[in-house]
Amino acid sequence: KGFHYPFGELAEMIIGMVPNSSLLEGDAVVAETALTRAGRGRSGDFLSEMRMYFDTGDLRSWYQWRYGSIKKFTPDIYRLGYLTVAGYRYLYEDPYYTTKFLKVASTLGGAFSAMNTASKQSSGKKLPVAWGEMMDTYRTLWAQDDSRRAPFSGTEPQVALPRSYTVYAGTVPAGGNVVAEKAGMDLPAVLVQIGPGGQEKTLSAFGGDGKLAWSEPLQRVYWSEAVPDVRWTLKQNARIRYYDVQTGHQGSLVRKGRYFSPALAPDGLSLAAVEYPVDGSAAIVVLDARNGYLLRRWTAPAGFQPTEVVFQDAGLVFAAITDEGTGLYRVPLDGGRPETVLAPQPVTIKDISAVDGNTILLVSDRTGTSEAYTFANGSLTQLSVTKYGLGSPFFADGNLYASVLQPEGRLLSRVECLPKPVDFQDIYRDPVAEVLSAQEAQLSASLPNAPVELTPAKPFRKISDAFHFHSWAPVYADLNRTAISFRDYYFQTASLGATGFFTNRLGTVNGSVGLSFHEKVSADEKTPGAGFHFRMSYSGLYPVFDFALDVGDRDAALQMPYLDTAKDSLFVRSSSYKKMYVGGMASVALPLDFSSGGWERRIEPSLA
């Protein structure tokens, strides 16, 4: 509280940056896992890399997992955060760990010791010891799960083992070859073609979402790619793009709209995709694969979120998320109400593709690990049992292939089939997630059932809100967006004084007002002087406007460039006018983004 008076919300922001963001994000994942039946903590893919590393003896310290490595692949902070927060709650039976951590972190000096202090309060041990016990606990739980699922399918990589962690995604057979997205720690995403002997050919840069579809008659591979708006960063289209393997041309089948998860018809001339309009609805569309013309459009009923679609003899079969979970549904090509073909469960269904007109190949994590399945005539058959999961499966020459997770990455591999009929309702219950849910139910039952009171609505005033001062500091700091590009300011960018920062709640206005006190910069003498400074940026229109005003701070001066021929050097000579300096700057800039096709292209012309 003491820091709020000299710094405002700036103090809370600085202190909020000190506690580890991994724990804050991890607590969010714990919440969705505990309060729903299908949060990320229950997903087979979410912890698959951590599971693999623990199993293979890669037991890094907590801080090594947090800050990563230039040699070893490190999953993002959400995974570590979840394992940490859930570990304190599961292993040490303390549902209040996050509360303790935040209380310590918000005290004077506590932010720098919160990790160990909160750990001792919850477990009686410092973080390094507690984390070691958590890793042992997770290893034991996952080993027990391995025993339950064994025996495992044999796998054989079809590509050369990479020197660093590499991922092959969206693998799809394409005219005797395989096309895939390839990316790694030392490789940006590219589209590659893999021959029968594992030889690779890079086709182009790639910016898609990893799900590919192949048209044999057109010799094209299709995908969905999110393309940002030229100006507005929160607006984007999702185009259907393609690469023609005969001509090497990459283009857009559909440039406008928001289309995802393309799938080709058996004739390869029409394409189905999921559409998410900006109004929040969802639809399934059928497009001409040659020119993008809309052939059919079916709007999904409320409560259905289609995710992927595939052509079948009886119509379009699609995976969709509902309140009950994810299931498979069918709709005739001429439209109508969806028919349930696989009742939803709180698990994932992804990477669906057609084996033939009556059989679908898909991936699901119903066992706790993402495995390959076929669905035909109302029956579900599990094909694979892998240690850490797979994705993007397909059949070729009677064999099953997929992108299989292993220590070197997610590599295209041949997978041994171990087919067995299964019940989709028979799903794995993660023991950690079940304990988290039980704790939340217990906590909820202990709370008073008080009614929720909503504050009354009030008009939003754009003008007054623009100058909402949220932070201040007992020093002067020049944080103007574009001032660093202009070299005609001689005053110091940080000095004695005061600064107030304002921002509107729309995020389109930000600026500062400051007073500075330091020695005047003059060619004749140096005497103390005060200055007033105003900075403001407005980005609510297509161009961005920046303004700056400075009064005082130094004497007005005549600045002239001089060339010293003897020393072959150019310098500026300043002659003081002995008058107060008044200066300003106004600029207009146009930040434009033309990124697409795996290439980032940005330009910002400006006039000042």
Side-chain angles (χ1 to χ4, degrees), residues 4 7-17 21 24-25 28 226-239 255-258 276-280 454-473 475-486 488-489 491 493-494 497-516 531-551 583-596 600-608:
H4 179 80
F7 294 104
E9 296 175 15
L10 184 64
E12 292 141 34
M13 182 188 72
I14 294 174
I15 292 176
M17 292 170 61
S21 57
L24 304 183
E25 298 293 0
V227 178
D229 182 78
V230 172
R231 169 64 180 88
W232 305 111
T233 57
L234 296 182
K235 180 182 178 182
Q236 66 179 22
N237 291 315
R239 301 176 181 174
R255 301 183 66 88
K256 299 293 184 181
R258 293 167 52 80
Y276 296 143
V278 294
D279 62 7
L454 300 178
T455 57
K458 59 182 180 180
F460 180 75
R461 309 295 183 185
K462 288 187 177 181
I463 301 300
S464 59
D465 181 69
F467 297 95
H468 169 66
F469 281 86
H470 55 81
S471 302
W472 45 88
V475 295
Y476 170 67
D478 180 11
L479 300 180
N480 186 34
R481 190 180 80 93
T482 58
I484 58 174
S485 300
F486 300 91
D488 56 336
Y489 290 101
F491 55 83
T493 56
T499 313
F501 303 96
F502 59 88
T503 307
N504 71 341
R505 280 171 282 187
L506 297 177
T508 56
V509 174
N510 65 81
S512 64
V513 176
L515 296 173
S516 64
F532 168 80
H533 311 281
F534 174 79
R535 305 282 182 267
M536 181 175 172
S537 177
Y538 178 67
S539 58
L541 300 175
Y542 213 79
V544 177
F545 298 92
D546 286 278
F547 307 94
L549 174 65
D550 299 287
V551 180
M585 183 273 293
S587 72
V588 56
L590 200 58
L592 303 175
D593 192 336
F594 299 101
S595 301
S596 67
E600 291 189 3
R601 308 178 187 92
R602 295 185 178 90
I603 185 172
E604 185 170 329
S606 62
L607 177 66

Point to revise | Electrostatic pair Arg602:Glu604 at N-O distance under 4.0 angstrom | key: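 No, this pair does not count.
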
Check your understanding: Using the benzene-type ring in the case of Trp, are the ring centres of Tyr476 and His533 under 6.0 Å apart?
Key ->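 Yes: the rings meet the under 6.0 Å criterion.
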
Spatial distance of atom [atom1] ([X]) from atom [atom2] ([Y]) [nearest 0.5 Å]:
| X | Y | atom1 | atom2 | result |
| --- | --- | --- | --- | --- |
| Phe501 | Phe469 | CZ | CZ | 10.5 Å |
| Glu9 | His470 | CD | NE2 | 7.0 Å |
| Ser596 | Asn237 | OG | CG | 11.5 Å |
| Tyr538 | Phe547 | OH | CZ | 10.5 Å |

Is the side chain of [X] donor-acceptor paired with the backbone N or O of [Y] at a distance under 3.5 Å, no angle test?
| X | Y | value |
| --- | --- | --- |
| Ser595 | Arg601 | yes |
| Arg258 | Tyr276 | yes |
| Ser606 | Val588 | no |

Check your understanding: In this structure, are over 12 heavy atoms from other groups packed under 6.0 Å from Leu541 atom CG?
Key -> yes

Check your understanding: Going by heavy atoms in the side chains, are Arg231 and Asp593 under 4.5 Å from each other?
Key -> no

Check your understanding: Val544 versus Ser537: any side-chain heavy-atom pair under 4.5 Å?
Key ->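 Of all side-chain heavy-atom pairs linking Ser537 with Val544, at least one is under 4.5 Å.
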
Specify the closest pair of heavy atoms between [X] and [Y], including all atoms of both residues, with the distance to one decimal.
| X | Y | result |
| --- | --- | --- |
| Arg535 | Asp550 | NH2-OD1, 3.0 Å |
| Thr499 | Ala477 | OG1-N, 3.0 Å |
| Gln236 | Pro228 | CB-CA, 4.0 Å |
| Ala473 | Leu10 | CB-CD2, 4.4 Å |
| Ala466 | Val509 | O-CG1, 3.6 Å |

Check your understanding: Parallel under 30°, tilted from 30 to 60°, perpendicular over 60°: which one fits the rings of Phe502 and Phe534?
Key -> parallel

Point to revise | Leu592 and Tyr542: CA distance, side-chain angles, deciding distance, side-chain contact (heavy atoms from CB on, under 4.5 Å) verdict | key: CA-CA 10 Å; Leu592 303 175; Tyr542 213 79; 4.3 Å; yes

Practice item. Using distance alone, with no hydrogens and no angle criterion, decide if Thr503 and Asn510 have a side-chain donor and acceptor under 3.5 Å apart. Key: no

Check your understanding: Does a donor on one side chain and an acceptor on the other come within less than 3.5 Å for Asn504 and Thr508?
Key ->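 Side-chain D/A pair, Asn504 to Thr508: present.
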
